[in-house]
Amino acid sequence: MSQLISLDPLMHALPLWAVGLVLIAAALLAVEVGAWWGKFLLDKTLAEKRLIGSDTQGFIIGSVFGLLALLIGLTFSLALDRYDERRNWVAEEANAISTAYLRASLFDEPYKTELKSTLREYAHSRIVPENITPETRERLGAKSEALRDRLWGATEKAVYPVRATELGSYFVEAVNQMLDVGTSRALASRAHIPGAILGALYLFLVVSSALLGSMLAKDGTRQRYASTILVILFVLGIVMIIDLDRPRAGSILVSQRGLEELAAAMDRDAKAPRQSTAVTRVQRQRVQ
């Protein structure tokens with residue numbers, strides 16, 4: 001099983017198109033090896049030709065690839081759940097920052113301006129597209145951590161004069177919730193499907209392809225074309241799973257629209273200080 005796990009970093013290091021080509025090549029090679037082995041056995045023993053009929057072959061191939069389809073479906077469901085979790089955390093964080101920003105407006109000066117300015121900068125730092133470079137992600141992460149410390153310091157100064165009131169309690173609760181959601185979102189972005197599961201999926205694909213080749217050893221070119229298309233379709237399903245499981249390098253990305261809209265609303269509020277300081281709350285929504 002340790003060998004299976006070691007395949008996971010390699011597959012995540014390759015671009016998606018390279019992963020697809022590697023899996024297709026491995027599966028087709030397994031089909032050819034299985035066909036060679038099956039033909040060798042059938043040529044060696046004529047009795048086996050009579051014992052293994054077309055109905056038996058169809059049953060075996062159908063069972064094996066049915067199990068492979070089930071494994072791919074279950075793994076896809078797991079990857080999709082992780083994608084939905086990352087998407088929901090973006091909306092949760094936008095709501096949490098919006099709540100803290102609204103409650104910051106209730107403080108007197110100079111605390112109100114400092115809190116709102118820090119929260120506005122923090123909101124911008126939390127707009128982290130999933131396809132950015134590691135260097136940019138690290139830079140935004142460091143800026144976000146610095147703003148968290150700065151925000152907590154500003155919160156201590158603002159809350160201390162009103163620490164015995166409900167305002168102080170409610171604002172501290174909102175800031176704590178905002179910071180907790182940010183941490184949960186960061187952890188979700190680093191979560192992956194266990195390497196053992198993906199490794200077992202790769203192995204099952206290769207073994208199933210080899211068995212398919214051995215069962216179709218005596219068939220003609222038409223069956224080879226059909227088996228090739230079947231293998232490619234299964235590989236496409238696996239590649240989609242890997243894409244969903246790559247929150248930092250895939251092509252299926254979580255939209256940052258909720259945080260972008262919130263940051264834009266904060267910027268408009270900062271440019272119009274005499275108008276209402278209320279910021280439209282970004283409701284939790286599923287981004288298409």
Could you list the residues that satisfy ring-ring contact (aromatic ring centres under 6.0 Å, His included) with Phe204, not counting sequence neighbours?
none

Side-chain donor/acceptor of Thr118 to backbone N/O of Glu114, under 3.5 Å:
yes

Is there a side-chain contact between Arg150 and Ser117 (heavy atoms, below 4.5 Å)?
yes

Side chains of Val90 and Arg185: does their closest heavy-atom pair fall under 4.5 Å?
yes

Do Leu212 and Val64 have side chains that approach each other closer than 4.5 Å (heavy atoms only, starting at C-beta)?
no

Would you check if His124 and Arg120 make a side-chain contact, meaning some heavy-atom pair closer than 4.5 Å?
yes

Return yes if some donor-acceptor pair links the side-chain N/O of Ser77 with the main-chain N/O of Gly73 below 3.5 Å, else return no.
no

Please check: side-chain N/O of Tyr83 versus main-chain N/O of Leu253, any donor-acceptor pairing under 3.5 Å?
yes

Sub-3.5 Å donor-acceptor pair from the side chain of Asn88 to the main-chain atoms of Asp84, do we have one?
yes

For residues Val206 and Ile229: do they belong to one hydrophobic cluster (side chain heavy atoms under 4.5 Å, members Ile, Leu, Val, Met, Phe, Trp, Tyr)?
no

Stepwise, does the side chain to side chain contact (heavy atoms under 4.5 Å, CB included) test hold for Val159 with Val175?
CA-CA 11 Å; Val159 169; Val175 172; over 6 Å; no

Treat each ILVMFWY residue as a node, draw an edge where side-chain heavy atoms are under 4.5 Å apart, and state whether Leu78 and Leu201 are in one component.
yes

Would a 4.5 Å heavy-atom cut-off, applied to side chains only, mark Ser209 and Phe234 as touching?
no

Let's go through Arg82 and Asp245 carefully: what are the C-alpha distance in whole Å and the side-chain angles of both, what is the deciding distance for side chain to side chain contact (heavy atoms under 4.5 Å, CB included) to 0.1 Å, and is it a yes or a no?
CA-CA 7 Å; Arg82 292 179 182 272; Asp245 191 49; 4.2 Å; yes

Knowing that exactly one of Gln256, Glu121, Glu93 qualifies, which makes a side-chain hydrogen bond (donor to acceptor under 3.5 Å, both in side chains) with Arg126?
Glu93

Can you check whether Leu198 reaches Ile241 side chain to side chain, under 4.5 Å on heavy atoms?
yes

So, using side chain to side chain contact (heavy atoms under 4.5 Å, CB included) as the criterion, who are the partners of Ser184 when residues are at least two apart?
Trp89

Exceeds 12 heavy-atom contacts within 6.0 angstrom, atom CD of Glu166:
no

State plainly whether one hydrophobic cluster holds both Met178 and Val181, where clusters connect Ile, Leu, Val, Met, Phe, Trp and Tyr through side-chain heavy atoms under 4.5 angstrom apart.
no

Crowded around Glu156 CD? As in, over 12 foreign heavy atoms under 6.0 Å?
yes

Find out if a path of hydrophobic residues (ILVMFWY) with successive side-chain heavy-atom gaps under 4.5 Å connects Trp17 to Ile232.
no

Could you walk me through whether Leu115 and Arg103 pass the side chain to side chain contact (heavy atoms under 4.5 Å, CB included) check?
CA-CA 10 Å; Leu115 287 172; Arg103 294 181 183 180; over 6 Å; no

Are any non-hydrogen side-chain atoms of Val31 and Thr228 less than 4.5 angstrom apart?
no

Out of curiosity, Leu74 CG to Ile197 CD1, how far, rounded to the nearest 0.5 Å?
9.5 Å

Taking CG in Asp149 as the centre, count heavy atoms belonging to other residues, nucleotides or ligands within less than 6.0 Å. Is the count above 12?
yes

According to the ring-ring contact (aromatic ring centres under 6.0 Å, His included) rule, which pairs have a member within residues 129-186, sequence neighbours left out?
Phe107-Phe171

Measure from the side-chain N and O atoms of Ser98 to the backbone N and O of Ala94, and report whether any donor-acceptor pair falls under 3.5 Å.
no

Beyond-backbone contact of Lys271 with Arg268, side-chain heavy atoms, under 4.5 angstrom:
no

